[in-house]
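Below, read A as the first sequence line, B as the second, and so on, with proteins coming before strands; counting in each chain starts at 1.
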There are 2 protein chains.
Amino acid sequence: MTKPDLGEDPLALDRQVCFALSVASRAVVGIYRPLLEPLGLTHPQYLVMLALWERSPRSVKDLGASLQLDSATLSPLLKRLEAYGHLTRTRSAADERVLTVELTATGRALREKALAIPYAVVERLGMELADLQDLHAALTNVIEAAAGKSA
Amino acid sequence: MTKPDLGEDPLALDRQVCFALSVASRAVVGIYRPLLEPLGLTHPQYLVMLALWERSPRSVKDLGASLQLDSATLSPLLKRLEAYGHLTRTRSAADERVLTVELTATGRALREKALAIPYAVVERLGMELADLQDLHAALTNVIEAAAGKSA
DNA sequence: TACGATTAGATCGTACACAAACTGATGGTG
DNA sequence: CACCATCAGTTTGTGTACGATCTAATCGTA
């Protein structure tokens, strides 16, 4: 296996790809920030709510698998969402190790306000839907490549 | 202007570009982590070093513009890199407000070890270079769209 | 030239993200 | 049944991010 040709300055190219990913991620989260502010949610909290709007109740482990986050990150985050009244945290009766996370009525109601967000983001970005779909496909490739290796 | 068609569930997690972006960013940074560990650098610190290997000395503001980071993030980060002996932080004589950041010999020497990283990352990802270039193009689009709007 | 506005960084408070160590609960095996 | 490995989640410590506020230096202009 020969070294792939990364050009005369491999560090410059590297700067472009890994760096573009970090910057793009922060830039897009930055677009969500003012849109999420009226809902009182941070972007990670919004992602947790999205996961719960899809399925509730579910365990912390299950949420972590969906969001690719470990429990050390989710634990305090879920406590905050509980404090806001969006969800409840209960130990499962069947298995006391498992923490069952379930939306409250307030948490479910918040979904109505959230429905406007994807449209607002797309409009704010001013990008073609096709471009966004290309990006999504490319990102899915990377995620699979990055995660698939460790398995 | 009509609402763009985002499908029947605009909140579907797996269609959210923002989610893919966050996960991909974390996944790729995770690939760098074990590669950067022997250099004693975190990924953000590595990005700062990349910027300095391209040009040094330069001001904090200049670094911030390059990396899209504000001084609240850079200040402590640069202090750590200074503590490791990779750079010096000096007030500019011409304008006392400006902090001049400059690589030390140690910091410049670290570049040799870093040269292997881009190859290792590409190999670890196992993706085609063309795919990575597509990704980079798509990311550049988003960054421009996201940042350009706020201007 | 005095002075308010601007600028470059630093500091503080809050919220992720992740490694490592820890606590209980569960399950398999002798 | 006893015991140990495993598992779910929590806690702790470190390092980003970012808004808000602060300080000191500089600039613009009346």
Practice item. Kindly say whether B/D95 contributes a backbone atom to a donor-acceptor pair with the side chain of B/S92 at under 3.5 angstrom? Key: yes

Practice item. If a protein heavy atom is under 4.0 Å from the base, mark B; if only from the sugar-phosphate, S; if neither, -; do that for nucleotides 8-13 of chain C going 5' to 3'. Key: SBBB--

Pairs under 3.5 angstrom only: tabulate donor-acceptor contacts from the side chains of residues 18-32 of chain A to other protein residues two or more places apart or in another chain.
from	atom 1	to	atom 2	distance (Å)
A/S22	OG	A/C18	O	3.3
A/R26	NH1	B/Q68	O	2.7
A/R26	NH2	B/L67	O	3.2
A/Y32	OH	B/Q16	OE1	3.3

Practice item. Measure from the side-chain heavy atoms of A/Y84 and tell me the nearest of C/dT26, C/dA15, D/dA17. Key: C/dA15

Practice item. Give the rounded distance in Å between these two atoms: CZ of B/R33 and C1' of D/dT14. Key: 12 Å

Review point. With distance as the sole test, does B/W53 use its side chain to make a donor-acceptor pair with the main-chain N or O of B/G107 at under 3.5 Å?
Key: yes

Point to revise | Worked check of side-chain contact (heavy atoms from CB on, under 4.5 Å) between A/L139 and A/L135 | key: CA-CA 6 Å; A/L139 289 171; A/L135 175 63; 3.8 Å; yes

Study note, to complete from the structure: Side-chain contact check for A/T42: nearest option of D/dG15, C/dC18, C/dC16 is C/dC16

Practice item. Rounded to the nearest angstrom, tell me the gap between atom CZ in A/F19 and atom P in D/dA17. Key: 11 Å

Practice item. Would you indicate, yes or no, if C/dT14 has its OP1 or OP2 atom less than 4.0 angstrom from a side-chain nitrogen or oxygen of A/R80? Key: no

Exercise for review: Measure from CD on B/E96 to P on D/dC27 and round the result to the nearest Å.
Suggested key: 12 Å

Point to revise | Aromatic plane relationship, B/Y84 with B/H86 - under 30° parallel, 30 to 60° tilted, over 60° perpendicular | key: perpendicular

**Study point:** Integer-rounded Å distance: C/dA15 P and A/L41 CG
**Key:** 12 Å

Point to revise | A/L63 CG - D/dA8 C1' separation (whole Å) | key: 13 Å

**Study point:** Backbone N/O of A/A146 and side chain of B/R124: donor-acceptor pair under 3.5 Å
**Key:** no

Check your understanding: So, is A/Q45 near the phosphate of C/dA15, with a side-chain N or O under 4.0 Å from OP1 or OP2?
Key -> no

**Study point:** Rounded distance (Å) that lies between atom P of D/dT11 and atom CG of A/D70
**Key:** 14 Å

Point to revise | Atom-pair distance (CG on B/L47; P on D/dG15), nearest Å | key: 17 Å

Point to revise | Side chains of A/R58 and A/S66, donor plus acceptor under 3.5 Å | key: yes

Review point. Rounded to whole angstrom units, what separation is found between the OH atom of B/Y32 and the C1' atom of C/dC18?
Key: 19 Å

